[in-house]
Amino acid sequence: MDSLFDYSYENEKKKQQPLASRMRPETLDEVVGQKHIIGKDRLLYRAIRADRLSSIIFYGPPGTGKTTMAHVIANTSSSAFFQVNATTAGKKDMEAVISKAKEIMAEKGRKSILFIDEIHRFNKAQQDYLLPFVEDGTVILIGATTENPYFEVNGALLSRSRIFELRSLEKEDLMDLLHRAAEDPFKGIGGDNVILDEDACEYLAVAADGDARSALNGLELADLTTERSDDGYIHITLDVVKECIQKKVVRYDKDGDNHYDTISAFIKSMRGSDPDAVLYYLARMLEAGEDVRFIARRIMIAASEECGIADPRALEVASAAAVAVERVGMPESNLILANAAVYVACAPKSNAVTNGIFAAQEEVRNSGNLPIPGYLKDAHYKSAEKLNRGVGYRYAHDFPHHYVNQQYLPDAIKGKRFYQMSDNGYEGRLQKWFDMIGKPYAKEKK
């Protein structure tokens, strides 16, 4: 009776599972997307088929199939399979798994796979505990993480594992999955006599933003909340799914890769003078709720670093925008930031000053505090002249064009040039002035 009860319980449990769980693939052929790592000519595909896996770490955004891949491996491998979640598991859980893995190896000669979901949640000590057992083959480690493993996983574990990055699913992959779920009478919702319109399917796929779980959750909600029509079918239309998904959620983890990747693209677009890309990445950050003060700081830095003296006003505009967003707040700050970012993107560019200060700092680190020429030293105190302070200094305003040819650098680096002026924007005008006074500056190297 117990076995019959257990069987009924398991069947009912599967029926009550969310659609995303029921539709989880069990074989490689059922997996959608990720052909860059599980295409039939790819290493991972061949390793899974041959049951010859070594330790691996799956890394990628939520809903891209990291846990799914681990379960597909479990279904196809002859190895014992253990799963823990790093958010709840402790060292005792790990010790129990290792003990069981050793027992299985000794008694049956079978390997064991240990799947750790959210592996980045383990601290250094917990990750270190696994090292000897991964190294001696007691367990084959499969880790899953949404965080960059090169930042969050111990280097020693990384060196013993192969990293596979899973990508957000393409729209076509998600549409295929949604149609499959709508038609499958056993794992999907096909038994409910569902008709999924093509435009509704496409809308769900786009709104899910590469996340299979999100797409299936939206489909399930549409199914559960839609009345059956007179023809006996549940019609999932575009209007239905729009109501179920009020707003597309922009994936953006302020502490994760998405945050750094987006701000990096934003800065590089300003540097590359592409105002359209600048507005796009700014919009992504604003829609995701990024701190407007953080964005304003990055625009100020870009104005100074990328425009420099080619357009001195860029920093003025960026600084004014930073003050304005502090006083105004959202939603109006989006206009202020857009104006500043587009100004920086469209402004003439020069990194001559940036390169100059870096070169000067490197010189100081290498040569230390070289003696300052005596005539440049402070002479505003008694007996300064006796100490040769300020003696021989020539006052620039006493000469034509308010310029006099005089050595200002220490003797040891006399003639050294740190600022190699470009001919862009305002720096081009400065070139002409320096030419006029007889002090030509070397132009930017081509």
Side-chain angles (χ1 to χ4, degrees), residues 1-7 9-11 13-14 17 21 24-31 37-38 42-59 65-145 147 149-150 152-164 166:
M1 290 294 289
D2 287 343
S3 60
L4 180 60
F5 173 79
D6 291 341
Y7 177 78
Y9 170 75
E10 286 301 321
N11 275 346
K13 181 181 175 183
K14 287 181 180 179
Q17 283 181 335
S21 295
R24 180 165 281 159
E26 296 178 1
T27 67
L28 274 175
D29 294 331
E30 294 178 2
V31 177
I37 60 172
I38 56 167
R42 299 294 179 176
L43 171 65
L44 183 58
Y45 179 91
R46 299 197 308 271
I48 294 173
R49 284 290 193 198
D51 197 10
R52 303 276 294 181
L53 276 178
S54 56
S55 291
I56 55 180
I57 293 175
F58 290 126
Y59 155 55
K66 299 181 294 297
T67 303
T68 292
M69 291 298 301
H71 284 280
V72 165
I73 291 169
N75 292 336
T76 57
S77 176
S78 61
S79 301
F81 186 81
F82 300 94
Q83 177 175 349
V84 297
N85 191 302
T87 58
T88 56
K91 188 177 178 182
K92 286 187 177 180
D93 300 293
M94 304 302 297
E95 290 173 341
V97 170
I98 296 300
S99 176
K100 188 66 178 175
K102 288 179 176 179
E103 182 182 318
I104 291 171
M105 175 64 76
E107 293 180 0
K108 301 179 181 179
R110 289 175 63 202
K111 294 182 178 180
S112 294
I113 293 173
L114 170 58
F115 172 51
I116 304 177
D117 206 0
E118 308 281 350
I119 191 172
H120 60 276
R121 300 280 188 177
F122 270 164
N123 60 35
K124 185 178 185 301
Q126 289 170 310
Q127 292 184 31
D128 284 345
Y129 172 76
L130 292 170
L131 278 175
F133 307 112
V134 171
E135 192 160 17
D136 68 11
T138 301
V139 292
I140 298 168
L141 173 67
I142 300 179
T145 175
E147 304 295 326
Y150 291 102
E152 303 295 338
V153 179
N154 287 4
L157 266 185
L158 287 179
S159 68
R160 292 160 176 80
S161 308
R162 183 178 291 272
I163 297 172
F164 291 97
L166 278 69

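Every heavy atom of this structure was used, including side-chain atoms; hydrogens, water molecules and symmetry mates were not.
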Enquirer: May I ask you to decide if Asn154's main-chain N or O and Gln127's side chain share a donor-acceptor pair within less than 3.5 Å?
Expert: yes

Enquirer: Assess the residue pair Val139 and Ile113 against the criterion (side-chain contact (heavy atoms from CB on, under 4.5 Å)); give the C-alpha distance rounded to whole Å, side-chain angles, the decisive distance to 0.1 Å, and a yes or no.
Expert: CA-CA 5 Å; Val139 292; Ile113 293 173; over 6 Å; no

Enquirer: Could you tell me which non-hydrogen atom of Tyr45 sits nearest to which non-hydrogen atom of Ile38, and how far apart they are?
Expert: CD1-O, 3.3 Å

Enquirer: Return the orientation label for the Phe115 and Phe81 ring planes: parallel under 30°, perpendicular over 60°, tilted otherwise.
Expert: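 It falls in the parallel class, under 30°.
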
Enquirer: Is there a donor-acceptor contact under 3.5 Å from the side chain of Asn75 to the main chain of Thr27?
Expert: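 Flag not set: sc Asn75 to bb Thr27 has no pair under 3.5 Å.
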
Enquirer: How long is the straight-line distance from CD1 of Ile56 back to CZ of Arg162, given to the nearest 0.5 Å?
Expert: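 Arg162 atom CZ to Ile56 atom CD1 measures 10.0 Å (nearest 0.5 Å).
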
Enquirer: Would you name the heavy atoms of Ala144 and Lys66 that are closest together and state the gap between them?
Expert: CB-CB, 3.9 Å

Enquirer: To the nearest 0.5 Å, how far apart are CD1 in Ile140 and OG in Ser79?
Expert: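 It comes to 4.5 Å.
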
Enquirer: If you measure from CZ on Phe58 to CG on Leu44, what distance do you get to the nearest 0.5 Å?
Expert: 5.0 Å

Enquirer: After noting the C-alpha distance and the side-chain angles of Met94 and Val84, does the key distance pass the side-chain contact (heavy atoms from CB on, under 4.5 Å) rule?
Expert: CA-CA 8 Å; Met94 304 302 297; Val84 297; 4.1 Å; yes

Enquirer: Tell me which one of Ile98, Leu114, Leu141 satisfies side chain to side chain contact (heavy atoms under 4.5 Å, CB included) with Phe133.
Expert: Ile98

Enquirer: Taking all heavy atoms of Ala86 and all of Ile119, pick out the closest pair and write down the distance.
Expert: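 Closest approach of Ala86 to Ile119, heavy atoms only: CB-CA, 4.1 Å.
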
Enquirer: Does Ser78 offer a backbone N or O that forms a donor-acceptor pair with the side chain of Arg110 under 3.5 Å?
Expert: yes

Enquirer: Under a 4.0 Å N-O cut-off, is there an ion pair linking Asp136 with Lys111?
Expert: no

Enquirer: Test your reading of the model: is there a side-chain donor-acceptor pair from Thr76 to the backbone of Val72, 3.5 Å cut-off?
Expert: yes

Enquirer: Rounded at 0.5 Å granularity, tell me how far CD in Glu152 sits from NE2 in His120.
Expert: 6.5 Å

Enquirer: Do the side chains of Glu118 and Thr145 get nearer than 4.5 Å, heavy atoms only?
Expert: no

Enquirer: Give a yes or no on whether Arg121 atom CZ has more than 12 heavy-atom contacts from other residues, nucleotides or ligands under 6.0 Å away.
Expert: no

Enquirer: Backbone N or O of Ile48 within a donor-acceptor pair of the Arg52 side chain at under 3.5 Å?
Expert: no

Enquirer: When you measure from the side chain of Ser161 to the backbone N and O of Leu158, does any donor-acceptor pair fall under 3.5 Å?
Expert: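 Between the backbone of Leu158 and the side chain of Ser161 there is no qualifying donor-acceptor contact (under 3.5 Å).
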
Enquirer: Rounded to the nearest 0.5 Å, how far apart are CZ of Phe122 and CD1 of Ile116?
Expert: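 The CZ atom of Phe122 sits 5.0 Å away from the CD1 atom of Ile116.
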
Enquirer: Just grab all the salt bridge (Lys or Arg N to Asp or Glu O under 4.0 Å) pairs involving residues 82-104, residues at least two apart or on different chains.
Expert: Lys100-Glu103

Enquirer: Applying side-chain contact (heavy atoms from CB on, under 4.5 Å) to Ile57 and Leu157, what does each step give before you reach the verdict?
Expert: CA-CA 10 Å; Ile57 293 175; Leu157 266 185; 5.5 Å; no

Enquirer: Kindly indicate, with the supporting measurements, whether the criterion side-chain contact (heavy atoms from CB on, under 4.5 Å) is fulfilled by Leu131 and Glu135.
Expert: CA-CA 6 Å; Leu131 278 175; Glu135 192 160 17; 5.6 Å; no

Enquirer: Where do Thr68 and Pro25 come nearest, in terms of heavy atoms and distance?
Expert: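 Closest approach of Thr68 to Pro25, heavy atoms only: CG2-CD, 3.3 Å.
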
